[in-house]
Amino acid sequence: MPSPGEGLLTTDLDVALDRLRAGGLVAIPTETVYGLAADADQPAAVARIFEVKGRPRDHPLIVHVAGLDALDGWVDEVSEPARTLGSTCWPGPLTMLLRRGPRTHDGVTGGRPTVGVRAPGHPLAHDLLVRFGGGLAAPSANRFGKVSPTTAEHVLHDLAHHLEPGRDAILDGGASSVGVESTIVDLTVTPPEVLRAGAIDASEIGRLLASSIGDASGPSRASGMLEAHYEPECLVVPSETIDEARRRVADAAAAGRRAELLDRTDDLVVAARSLYADLRDADARGLDELVVVLPPATGIGLAIRDRITKAAAGGARRRDSSRGG
Ligand code: TXA
Ligand code: MG
């Protein structure tokens with residue numbers, strides 16, 4: 001019997017291009033996380049992304065392009081700040097929110113007047129976009145609310161039963177190097193606001209734009225950025241210090257729960273790169289609790305703290321409701 005997902009994995013750009021042009025879905029490697037891509041010009045293909053992810057229709061998608069020159073029609077205007085950030089941070093882990101252009105349809109933005117655009121830096125994604133020419137609408141390639149994928153195997157694990165060999169594909173480009181989703185900066189407001197923390201932090205954006213930057217990340221006003229997100233099966237327990245974390249692991253063990261400690265605060269680049277694989281691994285090993293030491297709240301540490309806090313929120317909610325709370 002063929003295993004689920006057989007015939008989905010490929011390293012062949014031509015296969016990926018054929019599937020996308022024919023209106024199929026292709027999971028693409030990016031430096032942040034894997035995305036589930038469709039031709040942004042094909043509303044039916046874009047609509048299928050929501051079905052496969054199990055994601056509400058009104059959550060907007062990012063349009064991925066090869067670079068600044070490929071933004072024509074997707075955005076209303078490439079403003080001066082967009083040009084500055086695009087020319088310094090692209091291709092790379094930055095999404096810019098701009099007013100949408102006529103080519104961006106409602107299925108992509110959930111009817112919003114703005115659109116998120118990003119040129120990913122992963123060489124395979126970049127080559128794909130250069131050859132594709134158009135825009136690829138893509139959210140992270142996980143089921144809605146779950147942990148994002150940073151390898152092709154993660155995508156296969158999550159979506160094999162929802163994708164169709166021969167129609168869709170998973171383009172294997174190895175493990176994502178950054179490991180957390182792109183920074184989202186809203187350039188439609190003054191001063192610009194960071195809606196989601198990522199590898200490029202607000203201070204760097206402020207320096208590049210010579211402007212102050214508002215911080216709207218955390219419990220965010222950006223639709224679709226729910227407080228509980230990136231949610232594994234096990235309970236994630238954030239801890240500010242290693243001593244606190246050790247106490248929590250001991251307490252859990254005393255109560256008969258399988259708990260482990262995760263401390264990658266010595267290298268935050270590795271911490272970000274490994275975070276989602278660490279969460280998935282905790283589930284694969286059947287842990288009840290993963291006690292995670294939080295990094296300092298600067299640079300990419302902010303993005304890591306944000307994802308850990310959101311991964312923790314869902315488990316805490318589930319635990320409370322199972323207690324009847
Ligand atoms: O790194 C990334 O950004 C990855 C890779 C695949 O590029 N993509 C990604 O997409 O994380 P997604 O859909 O999982 O997260 C994008 C977030 C969502 O919370 C969405 O609601 C928000 O960006 N977003 C997208 N367009 C928006 C818009 N026009 N206005 C407000 N929020 C928007
Ligand atoms: Mg996502």
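Each ligand, and each atom within it, is numbered from 1 in the order the structure gives. Heavy-atom basis, side chains included; hydrogens, waters and symmetry copies ignored. When a residue number appears, it is its place in the shown sequence, counting from 1.
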Best match, Gly116, Ser140, Ala37, Gly35: closest heavy atom to atom 14 (O) of ligand 1 =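 Heavy atom nearest to atom 14 (O) of ligand 1 belongs to Ser140.
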Mind checking whether [X] contacts ligand 1 via backbone (N, CA, C, O), side chain (CB onward), both or neither, at a 4.0 Å heavy-atom cut-off?
{"X": "Leu97", "value": "side chain"}
{"X": "Lys53", "value": "neither"}
{"X": "Thr114", "value": "both"}
{"X": "Arg100", "value": "neither"}
{"X": "Ile184", "value": "side chain"}
{"X": "His59", "value": "neither"}

Short N/O distance, under 3.5 Å, between Thr30 and ligand 1?
->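 No, since none of the N or O atoms of Thr30 sits under 3.5 Å from an N or O of ligand 1.
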Would you say Arg196 and ligand 1 have an N/O pair spaced under 3.5 Å apart?
->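 Yes: some nitrogen or oxygen of Arg196 is under 3.5 Å from one in ligand 1.
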So does [X] pair up with [Y], basic N to acidic O under 4.0 Å?
{"X": "Arg118", "Y": "Glu31", "result": "yes"}
{"X": "Arg143", "Y": "Glu231", "result": "no"}
{"X": "Asp41", "Y": "Arg103", "result": "yes"}

Per-atom contacts, ligand 1 versus His64 - under 4.0 Å to a heavy atom =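 This gives 5 (C), 6 (C), 7 (O) as the contact atoms.
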Ligand-side contact atoms (ligand 1) for residue partner Ser182, heavy atom cut-off under 4.0 Å |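 Under 4.0 Å from Ser182, ligand 1 has these atoms: 1 (O), 2 (C), 3 (O).
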Please step through ring pair (Phe, Tyr, Trp, His ring centres under 6.0 Å) for the pair His59 and Phe50, ending with a clear verdict.
-> CA-CA 9 Å; His59 285 212; Phe50 294 89; 8.3 Å; no
Quick one: sort the Tyr230 and Tyr276 rings into parallel, tilted or perpendicular, breaks at 30° and 60°.
->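 Rings of Tyr230 and Tyr276: parallel, as their planes differ by under 30°.
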Which heavy atom in Ile200 sits nearest to a heavy atom in Thr183, and how many Å separate them?
->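 In terms of heavy atoms, the two residues are closest at O-OG1, 2.7 Å.
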Can you see which heavy atom on Leu94 is nearest to which on Ser182, and at what distance?
->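 Smallest interatomic distance, heavy atoms only, reads N-CB, 4.0 Å.
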Residue among Arg257, Arg248, Arg258 satisfying side-chain hydrogen bond (donor to acceptor under 3.5 Å, both in side chains) with Glu289 =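 The residue from Arg257, Arg248, Arg258 that satisfies side-chain hydrogen bond (donor to acceptor under 3.5 Å, both in side chains) with Glu289 turns out to be Arg257.
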Examine distances only and state if a side-chain atom of Asp306 and a backbone atom of Leu302 form a donor-acceptor pair shorter than 3.5 Å.
->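 Such a contact is absent between Asp306 side chain and Leu302 backbone.
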Mind checking whether Pro29 and Leu171 have side chains closer than 4.5 Å, heavy atoms only?
->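 SC-SC contact between Pro29 and Leu171 confirmed.
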Mark the output for Ile62 as yes if a heavy-atom distance to ligand 1 is under 4.0 Å, and as no if none is.
->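 The answer is yes: ligand 1 sits under 4.0 Å from a heavy atom of Ile62.
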Contact with ligand 1 for Arg55, non-hydrogen, under 4.0 angstrom =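 It does, in that a heavy atom of Arg55 comes within the 4.0 Å cut-off of ligand 1.
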Of the options Leu13, Asp14, Asp12, which is the one that meets Thr10 in a side chain to side chain contact (heavy atoms under 4.5 Å, CB included)?
->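 Between Thr10 and the candidates, side chain to side chain contact (heavy atoms under 4.5 Å, CB included) is satisfied uniquely by Asp12.
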Ignoring water, what protein N, O or S atoms are under 2.8 Å from the Mg ion (ligand 2)?
->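 As for protein N, O or S atoms lying under 2.8 Å from the Mg ion (ligand 2), they are Ser140 OG.
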Any link between Val46 and Ile28 through a network of hydrophobic side chains (Ile, Leu, Val, Met, Phe, Trp, Tyr) touching at under 4.5 Å?
->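 Cluster IDs for Val46 and Ile28 differ.
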